[in-house]
Each structure stands twice: as C-alpha cells, then as structure tokens.
Amino acid sequence: MPPSADSASVPPRGQRVRQTIEQLRERILASEWPVGGRIPTEPQLVAALGVGRNTVREAVRALVHAGVLECRQGSGTYVVSTDELAPVVARRLTEDRMAEVVEVRRAFEVEAARLAALRRTTGDLAALDGALAAREAAWRAGRVAEFVEADAALHTAVVAAAHNGMLAELYASVGAALRSTVAQAMGDALEPERYVDHSRLVEAIRAGDPGRAATEAGAFLEPAPFSEPPGGA
C-alpha cells in the first residue's frame, strides 16, 4: 500500500533529529536557556518542539556529546557552553601547548585588527574605547583577575569590529585559552615590566590603517622559536 499524504509529509527520522538539534541550538544561542541553566524536561521539550521522545532524546544526547549540554544525575540537563568547539579546545589546553595557543591567537588577532581598521563603525570605536578604559582601570587598581577579563574583552571587541562572523565564532572558541595565556603571563601580580600598551592598536584601528593595526596586534604575540622534535622528520 502506498504511503498516505500525511505520512509522506513527515520527514525521515534522521532529518527530524537534525532539525531538533538545530532548534535546541537556536534557543541556547538566544539565551532562552543560558549557560549554567537547566533546560526543560524531556516531556516539556516534546510538547514545545512537537517531536517524539526518542527524537528529543537523540538530539539532547548529540549536544551532550558535543559539550554543549551536560546531564546531571537526579538534577536534569544543563547548558555548559554555547560553542561546540570550546570544550574541544579546553580539553587540548595544557601547559606544554601554550606556545601553540599564542600562535593561534596571533593568527586570529592580526587578521582581525587588519579587518577592523577597514570596517570599524562608530559603535565599534566606542566599544573599543570602553574596553580599553576598563583594561587600564583594572591595571591601575592592580586587580589581576579583573585585568585578565578586561584584556580579553578588548581583544574580543577588536575581533567584533572586523565584522567577520566566522572569525568571531572561531575566536570565541579559544576564549578560555586566551585568558589562560594572559593569566600565565601576568602571574600573581601586575608588575610594570609585564604591561603592554594597547592604546596604539586602538588608535591604528581608529585611523583606518590596516597595516599599522596588524603590526600592533602582532607585536606582543611573538611566536616562540621552533625546535624540531627528537628524531626529526
């Protein structure tokens, strides 16, 4: 017997799962379920999304595997990240890979600064000025943790001013690594010899000078000399 019109309109199971994953992602990205918060129960998701229990279960399982959600026995399922790449980066972040983190930061931030100088808007410049002021205030106050966050916020504002969505998403995925490199460089106290002036970077972006902006962005992220592993290639 040929399928009825109604059954023919129902998408295949795999497609339903993919669609459900995307619906869950969209709600997480929209902060309907913020990081640290618990998502609705399975019956509530079934009712809200209009799909079956098995479809919801598979979609949730996929996002748990991706590191976006976390199931806590007896408590529920929680949002632990909005970015599927961030947990992967975090797992690979170890002390002996900090040099690689700096190289990745340099690749992202130099290009972001160059693009920001070409594309920055009035709103971007205001955001950069605010982030720079917060960074300087944290340094003057000697508050290490606050300075690390403010420094990261300034670099994120530079990336945002580049107006490249994919670059922004990739950069967000290394956010924890970025903070780790800054925290490691600062140590337990903000010593004068560790201070790096970022005002010239902001001014180069304001001036619309992509070459100078790229130079300023890369000046404090010099890659370590490469040492060939024992045994060679």
Side-chain angles (χ1 to χ4, degrees), residues 1-98 100-101 103-105 107-109 112 145 148-149 152-153 155-157 159-160 162-184:
M1 176 182 291
S4 66
D6 287 342
S7 63
S9 65
V10 176
R13 179 176 181 77
Q15 184 179 338
R16 293 201 305 275
V17 172
R18 288 192 296 273
Q19 289 172 344
T20 303
I21 291 171
E22 287 307 310
Q23 287 179 291
L24 294 174
R25 280 200 190 108
E26 287 170 7
R27 296 190 180 207
I28 291 168
L29 290 172
S31 297
E32 183 175 335
W33 307 322
V35 173
R38 185 173 59 186
I39 70 171
T41 63
E42 188 176 280
Q44 289 171 327
L45 290 175
V46 167
L49 302 176
V51 293
R53 280 178 177 268
N54 288 338
T55 299
V56 166
R57 198 167 293 151
E58 288 186 37
V60 168
R61 188 181 301 124
L63 291 176
V64 167
H65 181 71
V68 174
L69 298 176
E70 179 181 78
C71 290
R72 300 176 186 172
Q73 189 67 32
S75 179
T77 302
Y78 290 78
V79 180
V80 293
S81 175
T82 59
D83 179 5
E84 295 178 24
L85 187 54
V88 177
V89 174
R91 286 194 294 270
R92 295 174 66 86
L93 181 59
T94 57
E95 290 296 325
D96 62 342
R97 304 196 74 160
M98 282 298 178
E100 292 183 7
V101 172
E103 290 175 357
V104 171
R105 278 192 61 190
F108 284 158
E109 292 181 20
V148 170
E149 290 301 317
H155 290 291
T156 300
V159 174
H163 294 281
N164 181 311
M166 184 174 292
L167 176 60
E169 290 177 17
L170 289 170
Y171 191 73
S173 72
V174 299
L178 185 160
R179 288 164 175 78
S180 293
T181 58
V182 176
Q184 185 181 67

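Since the model is a prediction, treat every value here as computed from it, not as a measurement.
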Heavy-atom pair of closest approach, residues Ala168 and Val159: CA-CG1, 3.8 Å
Side-chain touch Tyr78/Cys71, heavy atoms, less than 4.5 angstrom: no
Thr156 side, atom OG1; Glu149 side, atom CD - distance, nearest 0.5 Å: 9.5 Å
Point-to-point distance, once rounded to the nearest 0.5 Å, from CG of Leu63 to CZ of Arg61: 11.5 Å
Residue list, side-chain contact (heavy atoms from CB on, under 4.5 Å) with Glu22, at least two apart or on another chain: Arg25
Glu70 vs Arg72, salt bridge (Lys or Arg N to Asp or Glu O under 4.0 Å): CA-CA, chis, key distance, verdict: CA-CA 6 Å; Glu70 179 181 78; Arg72 300 176 186 172; 2.7 Å; yes
Test item: Leu24 and Leu49 side chains (from C-beta on) under 4.5 Å apart, heavy atoms: yes
From CG (Asn54) to CZ (Arg57), nearest 0.5 Å: 5.5 Å
Shortest non-hydrogen separation from Thr55 to Thr20 and the atoms involved: CG2-OG1, 3.3 Å
Side chain to side chain, His155 and Phe108, heavy atoms closer than 4.5 Å: no
Residue pair Pro34 / Val79: nearest heavy atoms and the distance that separates them: O-CB, 3.5 Å
Contact summary for Leu167 and Ala162, nearest pair of heavy atoms: CD2-CB, 4.3 Å
Qualifying residues under side chain to side chain donor-acceptor pair (under 3.5 Å), relative to Arg53, sequence neighbours excluded: Glu42
CZ-CD distance between Arg18 and Gln15, expressed to the nearest 0.5 angstrom: 6.0 Å
4.5 Å side-chain heavy-atom contact, Leu45 and Ile39: yes
Of all pairs that satisfy salt bridge (charged side-chain N to carboxylate O under 4.0 Å, His left out), the ones with a partner from residues 28-41, not counting sequence neighbours: Arg27-Glu32
Nearest-0.5 Å distance, OH of residue Tyr171 to CZ of residue Arg105: 5.0 Å
